[in-house]
Amino acid sequence: MKVAHGSWWELVGAARPAAPGGRWSRTSEGWVVRVTGYAYGGGDARGDGRGATGPGAEARDLAPRELRVLVAVGRERGFSAAAVALGMTQSAVSHSVRGSERKLGAVLFERGRTGATPTPAGERALGYARRVLRLLEVMAAEVRATKADAPAGPLRIAAFRSAALHLLPRALGRLAERHPEVVPEVRIVREVGRGTAGEVLDGRADLGIATLGTTSPVPPELVGGVLLEEGYALVHPAGHPAPRTLPLIDWTENCTSYTREWWAGQEWLPPATVEAEDDGAVLSMVGTGFGMAVMPELSLVGAPPSVRITDLGPERPTRSVGYVTTPELASSPAVRALIRELRAVAG
């Protein structure tokens, strides 16, 4: 058999085969050859008969402690700060990072006077590192569960603001009643750019509540599904005689391709002249008579009486709200339990 140990490989056999360039020694297990390199002989640590060759072939030997060092350096943006956070020396952190870079065959951080910045390869590596470490936590929580397949442990959720305020609380309430051993951790993330799906891809969340559609499909590395379809409505000050003459108020999350095509075909809808920070600020500005807005249904839950909501008809724009998670966490009892509750409250 072949056993990986750092950059050395040991090939153990009952008889001593020829091994040019290798150094053999006799052990109780048979003859052992130690050769510097990736793999030699008729197999490797995978046991599939394929030699581990080429840059990054030692990546399978990365240990959890090495992944934790990478994550700490990425989080702290520096070797010294990461060393303090981990209770290690700076030289030990630097040595660990160099070892990880050698095993992966790529430079993970740009070193400079201001600290350490992840390279594009480093950003990808950090995402995988967080996800691997999270799987170890999930494994421990599920093994310690009081009964098999019982959801337990921390559950990290990323959600955009209106979903976090008006969809997620009901689902979490039901989850707590049925599975009190699950501990939700919720982060509100702006649905801009990579949004909540990016948080899941980067290993910062187990499940993200995201806006889905043809212009923002589920990333190929993730799995997910639609929870609900919500329509947009015209929102304007209550009692205003001509609300469509008011300035249009918008916010960054709302200025996406979900509604742009529809907006472009509405002659009565002027370009947005005011941009607010979030949908809550938009509602407040509309309520004070400052302007009108076109907003999705979740953002209008609990709208104040100073605001009137007018249906835009059957041709109104809509958007899909769904969930995304990683393939490896999709089978986790806690993630599956939350998806069930989300579907129940959204249906």
[X] side chain near [Y] side chain, heavy-atom distance below 4.5 Å:
X      : Y      : value
Val186 : Leu172 : yes
Pro154 : Arg134 : yes
Thr89  : Val93  : no
Leu201 : Glu221 : yes
Val294 : Leu269 : yes
Leu246 : Pro237 : yes
Glu230 : Thr318 : no
Arg340 : Leu175 : no

Answer yes if [X] and [Y] sit in the same cluster of Ile, Leu, Val, Met, Phe, Trp and Tyr residues linked by side chain heavy atoms under 4.5 Å apart, and no otherwise.
X      : Y      : result
Ile309 : Met295 : yes
Val189 : Leu207 : no
Leu342 : Val324 : no
Leu86  : Val132 : yes
Leu234 : Tyr232 : yes

Apply side-chain hydrogen bond (donor to acceptor under 3.5 Å, both in side chains) to the pair Thr117 and Glu110, showing each step before the final yes or no. CA-CA 5 Å; Thr117 304; Glu110 294 287 350; over 6 Å; no

I need the minimum non-hydrogen distance between [X] and [Y], along with the two atoms involved.
X      : Y      : answer
Pro296 : Trp251 : CD-CH2, 3.8 Å
Ala171 : Leu338 : CB-CD1, 4.4 Å
Asp206 : Val335 : CB-CG2, 4.3 Å
Arg316 : Asp311 : NH1-OD2, 3.8 Å
Met292 : Pro243 : SD-O, 3.4 Å
Val345 : Arg170 : O-NH1, 3.6 Å

Taking [X] for its side chain and [Y] for its backbone only, find out whether a donor-acceptor pair lies under 3.5 Å.
X      : Y      : result
Arg131 : Gly203 : no
Arg204 : Val200 : no
Ser320 : Glu229 : no
Glu275 : Ile249 : no
Ser100 : Ser96  : yes
His179 : Glu181 : no

How many angstroms lie between [atom1] in [X] and [atom2] in [Y], if you round to the nearest 0.5 Å?
X      : Y      : atom1 : atom2 : answer
Met139 : Leu136 : CE    : CG    : 5.0 Å
Leu248 : His236 : CG    : NE2   : 13.0 Å
Met285 : Leu283 : CE    : CG    : 11.5 Å

Check the pair Arg194 / Asp202 against salt bridge (charged side-chain N to carboxylate O under 4.0 Å, His left out), numbers first and verdict last. CA-CA 10 Å; Arg194 299 171 74 233; Asp202 291 343; 2.8 Å; yes

Can you establish whether the number of heavy atoms outside Arg308 located under 6.0 Å from its atom CZ is more than 12? no

Flag yes if more than 12 heavy atoms outside His95 fall under 6.0 Å of its NE2 atom; otherwise flag no. no

Per-pair distances, 0.1 Å, donor-acceptor, side chain in residues 67-84, under 3.5 Å, sequence neighbours excluded:
{"from": "Arg77", "atom 1": "NH1", "to": "Gly74", "atom 2": "O", "distance (Å)": "2.1"}
{"from": "Ser80", "atom 1": "OG", "to": "Gln90", "atom 2": "OE1", "distance (Å)": "2.8"}

Would you sort out whether Arg187 and Ile157 count as a side chain to side chain contact (heavy atoms under 4.5 Å, CB included), showing the intermediate values? CA-CA 6 Å; Arg187 295 180 62 237; Ile157 307 159; over 6 Å; no

Could you go step by step and tell me if Leu104 and Leu62 meet the side chain to side chain contact (heavy atoms under 4.5 Å, CB included) rule? CA-CA 9 Å; Leu104 290 170; Leu62 281 167; 3.7 Å; yes

Set out, in order, the CA-CA distance, both residues' side-chain angles and the distance that settles salt bridge (charged side-chain N to carboxylate O under 4.0 Å, His left out) for Lys103 and Glu66, then state yes or no. CA-CA 11 Å; Lys103 292 178 181 180; Glu66 294 174 291; 3.1 Å; yes

Could you point out which residue of Ile188, Leu168, Leu167, Thr211 forms a side-chain contact (heavy atoms from CB on, under 4.5 Å) with Phe160? Thr211

Could you walk me through whether Glu277 and Arg161 satisfy the salt bridge (charged side-chain N to carboxylate O under 4.0 Å, His left out) test, starting with their C-alpha distance in whole Å, then the side-chain angles of each, then the deciding distance to 0.1 Å, before giving a yes or no? CA-CA 11 Å; Glu277 178 65 23; Arg161 182 182 179 278; over 6 Å; no

Quick one: do Val223 and Thr325 satisfy side chain to side chain contact (heavy atoms under 4.5 Å, CB included)? Show the steps, please. CA-CA 6 Å; Val223 295; Thr325 187; 3.7 Å; yes

Chi angles and distances behind the side chain to side chain contact (heavy atoms under 4.5 Å, CB included) call for Leu135, Leu329: CA-CA 8 Å; Leu135 279 179; Leu329 285 175; 3.8 Å; yes

So salt bridge (Lys or Arg N to Asp or Glu O under 4.0 Å) across residues 86-95, not counting sequence neighbours, yields none

Give the intermediate values and the outcome of salt bridge (charged side-chain N to carboxylate O under 4.0 Å, His left out) for residues Arg111 and Glu101. CA-CA 13 Å; Arg111 283 79 159 171; Glu101 290 178 325; 2.8 Å; yes

